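Structure, as structure tokens:
For clarity, every value in this text was computed on a predicted model and none was experimentally measured.
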Amino acid sequence: MPLNARPKAPTSFWVIAVLSLLWNLFGCYDYLMSKLSPASYFAANGMNAESVAYMAAFPAWLTAFWALGVWGSLLGSLLLLARSRQAAPAFALSLLGLAVSQLTQEFWLHPPQTAPVGLVLTIWSALVFFLIYARSMAAKGVLG
């Protein structure tokens, strides 16, 4: 094998990369619907009027971190599919966005309704997994 050749990506890599893309596309959908059609989208998700008003008053700087989390994850997934080692930094930036947006709400803004704990843990777990996986694949040379 030539010195600069990357090892072949195992089938499991492609499965995880595609699952990562599908998972993160849902976050993008949620973000876009929250911005493009907030009243109907929030109502369809069972949010009460107080929660809809809370989301409408979301600070711009916090929205930026939310966007960083969502779009950073999508970028990480696309870079993973492109077998780029830049997937790990994209997932790391996404994790920063998630941490700032969720921790600020939890400890400072106190939303009227909170997401179910299981959902929050699933989001955090998935993102941490994708970050660790991307770093592992980069270390193994699968990402270049």
Side-chain angles (χ1 to χ4, degrees), residues 1-47 51-52 54-144:
M1 175 162 41
L3 277 169
N4 58 357
R6 287 188 288 183
K8 183 178 178 191
T11 302
S12 60
F13 170 84
W14 296 110
V15 170
I16 291 170
V18 168
L19 288 175
S20 144
L21 179 64
L22 295 174
W23 171 261
N24 289 312
L25 279 172
F26 179 76
C28 294
Y29 170 78
D30 179 63
Y31 179 87
L32 285 174
M33 291 305 294
S34 297
K35 297 298 168 197
L36 298 176
S37 185
S40 61
Y41 182 66
F42 293 145
N45 284 300
M47 291 176 71
S51 295
V52 173
Y54 166 82
M55 291 302 293
F58 220 56
W61 66 269
L62 194 52
T63 298
F65 278 102
W66 179 18
L68 180 65
V70 169
W71 300 108
S73 280
L74 178 63
L75 179 61
S77 295
L78 293 171
L79 290 168
L80 199 59
L81 284 165
R83 294 184 62 189
S84 169
R85 67 178 39 255
Q86 296 306 312
F91 284 128
L93 280 175
S94 176
L95 189 58
L96 172 68
L98 175 65
V100 170
S101 63
Q102 285 198 336
L103 295 174
T104 298
Q105 290 183 75
E106 183 65 32
F107 296 110
W108 184 35
L109 297 180
H110 308 293
Q113 283 180 292
T114 57
V117 173
L119 176 61
V120 172
L121 290 175
T122 301
I123 292 168
W124 277 87
S125 298
L127 185 49
V128 168
F129 171 79
F130 294 137
L131 172 59
I132 292 169
Y133 187 74
R135 290 185 73 196
S136 170
M137 290 295 104
K140 291 178 180 176
V142 173
L143 304 182

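Other residues, nucleotides and ligands contribute only 12 or fewer heavy atoms inside 6.0 Å of the CH2 atom of Trp108.
Between the CG atom of Leu25 and the CG atom of Leu78 there is a distance of 7.5 Å, given to the nearest 0.5 Å. Separating the CG atom in Leu79 from the CG atom in Leu74 is a distance of 9.5 Å, to the nearest 0.5 Å. Asp30 contributes atom CG, which lies 7.0 Å from atom CG of Asn45 (distance to the nearest 0.5 angstrom). With rounding to the nearest 0.5 angstrom, the OH atom of Tyr54 is 3.5 Å from the CD atom of Gln105. A distance of 11.5 Å separates CG in Leu68 from CG in Leu62, rounded to the nearest 0.5 Å. The distance from atom CZ of Phe130 to atom CG of Leu21, rounded to the nearest 0.5 Å, is 9.5 Å.
Within the 4.5 Å cutoff, the side chain of Leu131 has no heavy atoms near those of the Leu127 side chain. At least one side-chain heavy atom of Trp61 sits less than 4.5 Å from a side-chain heavy atom of Thr104. In this structure, Pro38 and Tyr41 have side chains that are not in contact, with every pair of non-hydrogen atoms separated by 4.5 Å or more. The shortest distance between side-chain heavy atoms of Ser34 and Trp66 falls below 4.5 Å.
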Scan the side chains in residues 134-141 for donor-acceptor partners under 3.5 Å anywhere in the protein, sequence neighbours excluded, and list what turns up.
none

Using residues 94-103 as the side-chain source, report each donor-acceptor pair under 3.5 Å to any protein atom, sequence neighbours left out, with the distance given to one decimal.
unit_1 : atom_1 : unit_2 : atom_2 : d
Ser94  : OG     : Gly69  : O      : 2.5
Ser94  : OG     : Ser73  : N      : 3.4
Ser94  : OG     : Ser73  : OG     : 2.5
Ser101 : OG     : Gly97  : O      : 2.9
Ser101 : OG     : Leu98  : O      : 3.2
Gln102 : OE1    : Trp124 : NE1    : 2.4

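Trp14 approaches Ala9 most closely through the heavy-atom pair NE1-CB, 3.5 Å. Nearest approach of Phe91 to Gly76, heavy atoms of both residues: CZ-C, 3.3 Å. For the residue pair Met47 and Met55, the shortest heavy atom distance occurs at CE-CG, 3.6 Å. Contact between Val70 and Tyr31 at its shortest, heavy atoms only, is CG1-CB, 4.1 Å. Taking every heavy atom of both residues into account, Leu80 and Ala17 meet most closely at CD2-CA, 3.9 Å. Taking all atoms of both residues into account, the shortest heavy-atom contact from Ser84 to Leu143 is O-CD1, 3.6 Å.
Under the 30°/60° scheme for interplanar angles, the aromatic rings of Phe13 and Tyr133 are found to lie parallel. Using bins of under 30°, 30° to 60° and over 60° for the plane-to-plane angle, the ring pair Tyr29/Phe26 lands in the tilted bin.
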